There are 2 protein chains.
Amino acid sequence: MNLTNAEENYIKSIFKLQDGTSVVSTNAIAYDLDTKPASVTDMAKKLKEKKLIDYEKYQGITLTAEGRRFALQIVRRHRLWECFLVDKLSFSWDEVHEIAEELEHVKSEKLVNRLSEFLGNPTTDPHGDPIPDAQGKMSKSKQLVSLDKATSKRLEVAGVSDQSSSLLEFLKAKGIRLGTQIEVIERYDFDNSVEIKIKNQSAFTISEQVSKTIMVKSL
Amino acid sequence: MNLTNAEENYIKSIFKLQDGTSVVSTNAIAYDLDTKPASVTDMAKKLKEKKLIDYEKYQGITLTAEGRRFALQIVRRHRLWECFLVDKLSFSWDEVHEIAEELEHVKSEKLVNRLSEFLGNPTTDPHGDPIPDAQGKMSKSKQLVSLDKATSKRLEVAGVSDQSSSLLEFLKAKGIRLGTQIEVIERYDFDNSVEIKIKNQSAFTISEQVSKTIMVKSL
DNA sequence: AATACTATTTAGATTTGTCTAAATTATATT
DNA sequence: AATATAATTTAGACAAATCTAAATAGTATT
């Protein structure tokens with residue numbers, strides 16, 4: 001089966017968001033892919049037709065075994081290209097994501113396997129994320145870190161270590177929820193506050209108290 | 001200005017076909033891109049709008065200076081990726097075209113320049129075709145060879161060394177014209193005949209007499 | 001349980017790139 | 001020059017992927 005780039009992007013996003021969680025919501029995917037919920041519904045019907053996801057109206061989305069197989073292939077391609085860009089073309093690890101996002105859609109199994117070999121069959125990418133092997137086997141994903149200790153600039157919210165409603169309310173007001181993608185603009189040493197930016201919003205600063213409670217993984 | 005993959009493919013095709021010739025016909029492009037003349041007309045309007053080609057109804061197509069700049073960039077990307085595949089991933093030169101066809105559309109100038117550097121700034125690709133430099137400067141293209149002496153399997157008809165009408169008639173009947181893409185299936189040593197195949201047709205054999213007159217370049 | 005709010009879906013439109021069939025223009029032939 | 005043939009264009013349609021606005025379903029709140 002041959003997937004379009006758009007289909008691959010949806011599969012990849014669902015795979016990422018499903019990690020841990022059982023089902024993925026229409027809105028979560030829309031937010032992750034920077035598109036509209038209506039578009040996600042449209043695509044969900046298509047992917048269900050192709051048996052890559054399980055989907056029933058209003059019930060959320062999960063990958064089928066087949067869908068997962070594709071997802072792992074795409075992740076493999078993405079992370080191998082990131083390795084190539086950093087190891088061979090001396091890009092820095094924070095500028096490779098966008099380029100790998102394009103390279104990952106080049107569909108040739110032979111190419112990916114040769115590339116992997118050329119790179120010495122690496123098992124993690126420059127961000128520390130594990131690379132699935134040709135059979136789709138992948139080691140457990142990286143430990144989560146709290147936002148105040150994270151080292152990369154592009155992060156995704158993976159959890160909150162404090163469940164107090166005042167904190168959750170604050171996060172909600174700021175637009176921070178599970179899966180929210182964050183860009184670290186600046187870290188201020190004098191009070192350990194962090195200036196961050198969420199897609200399509202202006203930047204704002206959060207205190208150490210708060211950043212300690214936000215668990216993130218790098219993108 | 002950002003071009004879609006389809007637009008890039010048209011620009012590349014026009015550039016290739018224009019080589020030598022003054023204007024390129026709708027039909028020639030359609031044939032080269034394996035599409036329909038009507039589609040070419042549609043795209044021609046779009047590319048004219050973007051000032052990448054000069055085009056007047058029924059008058060054929062030529063690239064503008066701007067269009068040529070883009071074409072050279074695309075050719076540069078394509079040929080550098082072919083070098084990468086052959087030199088670094090040990091592909092053979094006859095299996096890299098399709099993959100490079102996809103890789104060439106990854107749009108990052110930094111990537112291309114880093115790749116070129118990584119490969120030692122090569123000036124010709126694995127087929128012997130010259131690679132434009134970052135400024136779009138490129139040495140003259142390869143000499144043409146007659147079909148009986150060609151070494152690669154994928155060829156394009158670039159001319160005929162004999163103008164006799166009986167030959168031209170024969171070629172016309174076989175569907176061989178300027179720009180026709182040929183795949184060499186087999187060469188028979190006992191009479192130096194060649195079995196060839198033209199896109200969307202079944203294979204047929206031509207004699208040495210004929211193959212000597214057909215000038216080709218490798219693709 | 002009724003109401004309000006949020007998430008999701010539907011309906012209908014848009015853009016890009018393509019197609020077929022018919023109409024038009026250019027070129028070749030008698 | 002008239003006619004036949006070939007090349008090109010137009011008109012109208014379609015699929016993929018998206019969007020907006022409106023309708024509907026699910027969840028939360030009083």
Side-chain angles (χ1 to χ4, degrees), chain A residues 1-14 17 21-50 52-62 105 165 168-169 171-173 175 177-180 200, chain B residues 1-14 17 21-50 52-62 101 105 107 165 168-169 171-173 175 177-180 200:
Chain A
M1 186 162 30
N2 232 354
L3 303 188
T4 64
N5 289 3
E7 287 168 338
E8 285 195 345
N9 286 334
Y10 275 94
I11 292 292
K12 194 173 54 139
S13 171
I14 296 165
L17 297 172
T21 336
S22 48
V23 287
V24 183
S25 74
T26 304
N27 266 6
I29 299 168
Y31 186 79
D32 183 56
L33 293 178
D34 210 356
T35 183
K36 296 291 178 295
S39 309
V40 176
T41 301
D42 291 343
M43 183 58 91
K45 290 176 187 163
K46 237 174 286 178
L47 294 176
K48 183 190 176 172
E49 189 59 37
K50 292 192 166 192
L52 298 173
I53 62 171
D54 289 318
Y55 166 65
E56 293 301 331
K57 269 192 191 184
Y58 297 103
Q59 299 311 129
I61 292 170
T62 52
H105 296 300
S165 65
L168 294 178
E169 228 168 81
L171 295 179
K172 193 175 168 187
R177 20 182 173 171
L178 220 65
T180 297
N200 303 327
Chain B
M1 184 163 31
N2 232 353
L3 302 188
T4 64
N5 288 3
E7 287 168 338
E8 285 195 345
N9 286 334
Y10 275 94
I11 292 292
K12 196 174 53 140
S13 170
I14 296 164
L17 297 172
T21 337
S22 48
V23 289
V24 183
S25 74
T26 303
N27 267 4
I29 299 167
Y31 186 79
D32 183 55
L33 293 178
D34 210 356
T35 183
K36 296 292 177 300
S39 309
V40 176
T41 302
D42 290 344
M43 183 58 91
K45 291 176 188 163
K46 237 175 284 179
L47 295 176
K48 184 192 176 171
E49 189 59 39
K50 293 194 166 193
L52 298 173
I53 63 171
D54 289 317
Y55 166 66
E56 293 300 331
K57 268 192 192 184
Y58 298 102
Q59 298 313 128
I61 292 171
T62 51
E101 204 78 355
H105 297 299
K107 291 153 195 80
S165 64
L168 295 177
E169 227 167 81
L171 296 179
K172 192 175 169 187
R177 19 180 173 174
L178 220 64
T180 297
N200 304 326

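Every chain is numbered from 1, with letters handed out A, B, ... down the list of sequences. In this text, all values refer to a predicted model and were calculated from it rather than measured experimentally. Any value given below was found using the heavy atoms of this structure, including those in side chains, with hydrogens, waters and symmetry copies removed.
In this structure, A/Asp34 places its CG atom 11 Å from P of D/dT18, rounding to the nearest Å. Taking atom CG of residue B/Leu33 and atom C1' of nucleotide C/dG17, one finds them 12 Å apart after rounding to whole Å. Straight-line distance from the CG atom of B/Leu47 to the C1' atom of C/dT16: 13 Å, rounded to whole Å. D/dA15 atom P lies 20 Å from atom CG of A/Leu3, rounded to whole Å. The nearest whole Å value for the distance from the CD1 atom in A/Ile29 to the C1' atom in C/dA7 is 13 Å. Regarding A/Asp42, its CG atom lies at a distance of 9 Å from the P atom of D/dT18, rounded to whole Å. Distance, B/Lys50 NZ to C/dT15 C1': 12 Å, rounded to whole Å. As rounded to whole Å, 11 Å separates atom P of C/dT16 from atom CD of B/Glu49.
Distances shown here put a side-chain N or O of B/Tyr10 below 4.0 Å from the OP1 or OP2 atom of C/dT18. Within the structure, every side-chain polar atom (N or O) of B/Thr41 is placed at least 4.0 Å from both OP1 and OP2 of D/dT10.
Expressed to the nearest 0.5 Å, how far CG of B/Asn9 lies from CG of B/Asp34 amounts to 12.0 Å. The line from NZ of B/Lys12 to CG of B/Leu17 is 11.0 Å long, rounded to the nearest 0.5 Å.
A heavy-atom distance below 4.5 Å is found between the side chains of A/Met1 and A/Leu52.
In summary, the side chains of B/Lys107 and B/Asn5 do present a donor paired with an acceptor at a separation below 3.5 Å, with no hydrogens or angles considered.
With C/dT8, C/dC19, D/dT18 as the candidates, the nucleotide lying closest to the side chain of A/Thr35 is D/dT18. Among C/dT10, D/dC19, C/dT9, the nucleotide with an atom closest to any side-chain atom of A/Lys45 is C/dT10. Listed candidates were D/dT9, D/dT18, C/dA7. Nearest to the side chain of A/Asn27 is C/dA7. Ranking C/dT16, C/dT20, D/dA17 by closeness to the A/Ala6 side chain, first place goes to D/dA17. Nearest to the side-chain atoms of A/Ala38 among the listed nucleotides C/dT16, D/dT9, D/dT20 stands D/dT20. Checking D/dT8, C/dC19, C/dG17 against every side-chain atom of B/Thr26, the shortest atom distance belongs to D/dT8.
Residues A/Ser13 and A/Asp32 come closest through the heavy atom pair OG-OD2, 2.6 Å. Smallest separation of non-hydrogen atoms from A/Pro37 and A/Ala30: N-CB, 3.6 Å.
Between the side chain of B/Lys48 and the backbone N or O of B/Tyr55 there is at least one donor-acceptor pair closer than 3.5 Å.
Contact annotation for B/Tyr31: no contact, since no heavy-atom pair falls under 4.0 Å across all strands.
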Listing time: all N or O pairs from protein to nucleotides 23-28 of chain D that are below 3.5 Å?
{"residue": "D/dA25", "atom": "O4'", "partner": "A/Tyr58", "partner atom": "OH", "Å": "3.3"}

